[in-house]
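Per chain, numbering begins at 1; letters A, B, ... match sequence-line order. These values consider heavy atoms only, across backbone and side chains, with no hydrogens, waters or symmetry-generated copies.
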There are 2 protein chains.
Amino acid sequence: MTVDEICSNALRLMDEAGPEGLSMRGLAAELGVNPMSLYHHVPSKEALIGLVCSRVAERVPLPSDDGAPWQDQLAELALAYLRHAQAHPAVWAYIHSHPELIEDRRLPIRNTLDRVLRLAGVTGPELRRTSDVLYALVTGFVITAAQGHLPGGQDEIDRDFGTALRLIVSGVAGLS
Amino acid sequence: MTVDEICSNALRLMDEAGPEGLSMRGLAAELGVNPMSLYHHVPSKEALIGLVCSRVAERVPLPSDDGAPWQDQLAELALAYLRHAQAHPAVWAYIHSHPELIEDRRLPIRNTLDRVLRLAGVTGPELRRTSDVLYALVTGFVITAAQGHLPGGQDEIDRDFGTALRLIVSGVAGLS
DNA sequence: ACCTGAACACCGTTCAAGT
DNA sequence: ACCTGAACACCGTTCAAGT
């Protein structure tokens with residue numbers, strides 16, 4: 001039994017039933033193992049969830065710089081974020097309600113956001129603040145949408161997302 | 001023992017330790033009562049948290065229409081939202097990760113938002129969508145800030161909040 | 001109506017013992 | 001090193017019994 005096996009099963013349980021739906025005993029049962037065996041690979045349930053969250057956050061398919069305008073790259077990045085959160089809503093909700101678990105600003109998605117913002121001409125000391133503000137704003141939409149908190153189907157959500165993005169892009173453009 | 005007493009004590013526990021920190025047994029102990037007595041006033045822990053959330057959401061001090069420009073009223077509303085979430089971060093985080101608990105669009109804060117948007121000239125079918133998008137965006141910032149997820153002190157958070165609001169206001173103005 | 005104690009079916013985790 | 005069973009200290013909740 002490896003940490004990978006434990007994490008991938010834990011992820012599935014979190015996707016199905018959220019963090020409260022994940023229990024060490026239930027997870028052990030699925031792995032056909034004594035509940036206490038898990039503690040030889042992982043120090044606690046909280047740490048396990050932290051591991052799962054880190055792994056999920058590493059796996060967002062991020063756009064690389066293809067020379068497209070920053071507006072397009074920002075939209076592509078945000079869409080990747082939305083899609084990934086829709087695939088793992090409980091994990092992303094957990095990440096954002098447990099700031100101590102993961103250093104947000106070190107997330108791969110944040111590095112990409114900073115890259116795109118530099119492309120947009122945001123410089124030096126303003127970069128961090130702009131990045132924080134944008135990430136907080138978009139996260140609100142993403143978490144809300146991922147939890148089915150918005151009315152309408154996927155089409156309507158995507159259109160609303162487009163609306164929000166245009167609003168933000170025009171705001172960022174207005175900064176410089 | 002009244003439902004009010006139960007809820008106000010439950011709110012204090014949630015403010016201190018979040019929803020997981022609130023236990024029926026611990027709450028009963030604080031009230032000097034048998035754990036099972038609570039179930040004669042409240043059907044379950046989940047329902048109790050729902051009650052607490054509803055009561056908190058009703059108590060946001062909302063600005064009334066004082067004839068000021070809609071931009072100012074929107075800023076005032078958003079600031080009231082931020083301040084209230086900072087006073088009860090766990091409750092607001094819970095509200096927004098449990099869409100089934102409270103019908104968001106019926107929240108008093110949403111009625112006020114709609115009123116301000118009508119003031120801004122947003123009409124008919126676009127009103128609901130714009131309201132949903134704006135609320136989702138601002139909520140992201142508010143939850144993030146309320147959980148201390150942003151760097152810097154209150155001053156810096158307020159400045160970032162102002163930045164986000166100007167961005168959104170200019171976007172809304174661009175819609176019409 | 002309201003409160004209670006005992007009990008049930010769960011948790012996460014510690015610890016001593018096994019291989 | 002890795003796994004196990006028993007045990008501890010908790011949970012939310014049901015139920016029958018009290019007043």
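Looking only at distances, no side-chain donor or acceptor of A/Q147 sits under 3.5 Å from a matching main-chain atom of A/P89. The main-chain N or O of A/L127 is never found under 3.5 Å from a side-chain atom of A/S131 such that the two would form a donor-acceptor pair.
In this structure, of C/dT13, D/dT13, C/dT4, it is C/dT4 that holds the atom nearest to the side chain of B/N34. Among D/dT4, D/dT13, D/dA7, the nucleotide with an atom closest to any side-chain atom of B/R25 is D/dT13. In the set C/dG12, C/dC3, D/dC3, D/dC3 carries the atom at the smallest distance from any side-chain atom of A/S37.
D/dT14 atom C1' lies 15 Å from atom CG of B/L38, rounded to whole Å. Between the P atom of D/dC11 and the CE atom of B/M24 lies a distance of 12 Å, rounded to the nearest Å. Look at OH on B/Y39: it is 11 Å from P on D/dC11, rounded to the nearest Å. Atom CD1 of B/I6 is separated from atom C1' of C/dC2 by 12 Å (rounded to the nearest Å). Taking atom CG of residue A/L48 and atom C1' of nucleotide C/dT13, one finds them 14 Å apart after rounding to whole Å. Taking atom CG of B/L31 as the reference point, atom C1' of C/dC3 lies 14 Å away to the nearest angstrom. Note: CD (A/E20) to P (C/dC10) measures 17 Å, nearest angstrom. If you take CG of A/L13 and C1' of C/dC11, they are 15 Å apart, rounded to a whole angstrom.
The closest side-chain heavy-atom distance from B/L11 to B/R55 is not below 4.5 Å. Considering only heavy atoms from C-beta on, A/L101 stays 4.5 Å or farther from A/I95 through its side chain.
Among residue pairs with one or both ends in residues 30-54 of chain B, those qualifying as salt bridge (charged side-chain N to carboxylate O under 4.0 Å, His left out) are B/R12-B/E30; sequence neighbours excluded.
The aromatic ring centroids of A/Y135 and A/H96 lie less than 6.0 Å from each other.
Here B/S23 lies in heavy-atom contact (under 4.0 Å) with sugar-phosphate atoms only. Heavy atoms of B/L22 sit under 4.0 angstrom from primed sugar atoms or phosphate atoms, though from no base atom.
Here B/H41 does not reach the OP1 or OP2 of C/dA1: none of its side-chain N or O atoms lies under 4.0 Å away.
Remark: B/T163 OG1 to B/I168 CD1 distance equals 11.0 Å, nearest 0.5 Å. The distance from atom CD1 of A/I143 to atom CG of A/L82, rounded to the nearest 0.5 Å, is 10.0 Å.
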Next item on the list: Could you summarise the pairing of DNA chain C as dot-bracket text, marking Watson-Crick and G-U pairs under 3.5 Å with ( ) or [ ] inside the strand and | across strands?
Entry: ||.|||||...|||||.||

Please enumerate all protein N or O atoms sitting under 3.5 Å from an N or O of nucleotides 15-18 of chain D, with distances to 0.1 Å.
none

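Ring planes of A/H84 and A/W92: perpendicular class, angle over 60° (limits at 30 and 60°).
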